[in-house]
Amino acid sequence: MAESENQSGATPEDGTLEATTNFMVPKKEITMVPDMGKWKQSKAYVDYVGFILTLNESVKGKKLTSEYNISEVCLIKLFNIVSSVSVHSPLFYCVLQTVEKLLDLLGTLERWINETPPVDQPSRFGNKAFRTWFAQLDQEAEALVSAVLPSDKQDAAPEIAVYLKESVGNSTRIDYGTGHEAAFAAFLCCLCKVGALKVDDQLAIVFKIFNKYLSVMRKLQKTYRMEPAGSQGVWGLDDFQFLPFIWGSSQFVDHPTIEPRHFVDEKVVNEHQQDYMFLECIKFINEMKTGPFAEHSNQLWNISAVPSWSKVNQGLIRMYKAECLEKFPVIQHFKFGSLLSIQPSKP
């Protein structure tokens, strides 16, 4: 992959932290455009990009519905176990339990949406009931994160909970965008760094946890009619998300029959969306927007002309860096702590 050189030394440590780690509540560090240089040279940038690219490689050529052995995907690599681990072993249960706890956490957020219906208001967009829903998350986020963390990493809960709260949208503007999506990826990255999840538990992170997150965010967006944060309209990739297009295009690499030109075919989308994250995104767009696809999603329409999924994937990674990670309006909201540090990365 063209971007693979960026993975070297860029993946978060597999749950290994220095014994002297002092967790801290993350704060903003990028306050002016010139500060963007600090971000691109920071440990946080290297860890975050490495995390995204590692997951991108892990899902290559795999369906959402693929069966995979968690013990082989993560336990053998994580604990240097050569032989297969029984699904009944305590070690297996420990890792599976973390994934299930995160799914339960996201299920709780979804349940709160059901319990907090939209209110009647003059404005069609930005329903103020979202603020009530968010207030509950703001109050309980730390406890939700504590339930996921290992017993010896409970001190990390206040730090990691900030990224969870940042990942659901802005309660003042009642909007959601790629910066909030990045906060959830940062949340998962931090969980890897403290050992609650492992980077090697890659398929579960994308196919189970992140996919459930997408489902909850779509419900939030529809229920409270959230505004797109910093949307470029028809010239943007999507009003709300970006990462599922990257990982979703990786799923299609070397697919024997489905080419990029096929994702604008509604029949293909309906038949295969349960297997591919990219097509799930297209289905959601088709549900939310009317008119010709080439008019309401011009950038995606252009991508459908790219000859291979490999080139689509490489192009989307470059676009994500340029349009999200290197844009001050997005990164000014990113928060830095001990796990995702503003300190310069080692050469």
Side-chain angles (χ1 to χ4, degrees), residues 1-14 16-18 21 23-58 159-160 162-164 166-167 170 176-194 199 205 210 229-232 235-238 240-247 249-250 299 311-347:
M1 189 175 71
E3 302 293 327
S4 61
E5 68 273 8
N6 293 315
Q7 291 190 59
S8 178
T11 54
E13 294 89 352
D14 300 335
T16 56
L17 293 171
E18 296 179 7
T21 297
F23 298 113
M24 57 183 285
V25 176
K27 61 181 181 178
K28 294 180 181 180
E29 299 279 1
I30 309 301
T31 57
M32 300 180 292
V33 173
D35 292 336
M36 290 295 288
K38 290 195 300 182
W39 155 242
K40 290 192 67 177
Q41 296 172 7
S42 70
K43 293 178 181 178
Y45 181 87
V46 170
D47 279 350
Y48 181 85
V49 172
F51 184 69
I52 299 303
L53 295 180
T54 297
L55 295 178
N56 185 66
E57 285 295 318
S58 74
E159 177 167 344
I160 298 176
V162 169
Y163 295 106
L164 178 62
E166 293 283 318
S167 73
N170 183 278
Y176 176 97
T178 53
H180 303 108
E181 177 189 69
F184 190 75
F187 168 71
L188 295 175
C189 184
C190 287
L191 289 175
C192 288
K193 290 179 75 70
V194 299
V199 173
I205 290 173
F210 190 84
S231 174
Q232 300 178 44
W235 302 108
L237 189 63
D238 183 303
F240 298 110
Q241 315 294 159
F242 202 115
L243 289 176
F245 289 98
I246 294 177
W247 296 331
S249 62
S250 183
Q299 186 71 268
K311 289 186 179 296
V312 169
N313 185 245
Q314 293 167 21
L316 287 175
I317 291 170
R318 289 192 296 270
M319 185 179 177
Y320 184 62
K321 290 178 178 179
E323 298 301 325
C324 298
L325 301 186
E326 296 178 10
K327 294 297 185 187
F328 174 74
V330 176
I331 300 305
Q332 66 175 326
H333 301 295
F334 196 91
K335 294 183 177 180
F336 302 84
S338 67
L339 297 170
L340 291 171
S341 172
I342 191 63
Q343 295 302 313
S345 63
K346 296 178 182 179

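Bear in mind the structure is a predicted one, so any value in this text is a computation, not a measurement.
Side-chain contact between Y320 and L316: absent, with no pair of heavy atoms (C-beta onward) separated by less than 4.5 Å. Between C192 and I205 there is a side-chain heavy-atom pair separated by less than 4.5 Å. At least one side-chain heavy atom of K43 sits less than 4.5 Å from a side-chain heavy atom of S345. Within the 4.5 Å cutoff, the side chain of C189 has heavy atoms near those of the F51 side chain. At a threshold of 4.5 Å between non-hydrogen side-chain atoms, the residues K346 and V46 do not count as touching. Within the 4.5 Å cutoff, no side-chain heavy atoms of I160 are placed close to those of F23.
Minimum interatomic distance between S42 and F336 (heavy atoms only, all atoms of both residues): OG-CE2, 4.4 Å. H180 and E166 get closest at one heavy-atom pair: CD2-O, 3.2 Å. Contact record, K193 with L339: CE-O, 3.0 Å, taken as the closest heavy-atom pair. When all heavy atoms are compared, the tightest approach of V330 to C324 is CB-O, 3.5 Å.
Distance alone, capped at 3.5 Å, is enough to place a donor-acceptor pair between the S249 side chain and the I246 backbone. Checking side-chain atoms of E159 against main-chain N and O of G337 turns up no donor-acceptor pair under 3.5 Å. Distance alone, capped at 3.5 Å, is enough to place a donor-acceptor pair between the E181 side chain and the F242 backbone. W39 places no side-chain N or O within 3.5 Å of a backbone atom of Q332 that could act as its donor or acceptor partner. For S250 (side chain) and W247 (main-chain N/O), no donor-acceptor pair under 3.5 Å exists by modelled atom type.
The number of heavy atoms from other shown groups lying within 6.0 Å of NZ (K38) is above 12.
The side-chain contact (heavy atoms from CB on, under 4.5 Å) test applied to Q41 returns no partner, not counting sequence neighbours.
Taking the six-membered ring where the residue is Trp, the centroids of Y45 and Y48 are separated by 6.0 Å or more.
F334 and Y163 have tilted rings, their planes meeting at an angle from 30° to 60° on a 0 to 90° scale.
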Could you list the donor-acceptor pairs under 3.5 angstrom formed between side-chain atoms of residues 25-33 and any protein atom two or more places apart in sequence or on another chain?
{"unit_1": "T31", "atom_1": "OG1", "unit_2": "D35", "atom_2": "OD2", "d": "3.0"}

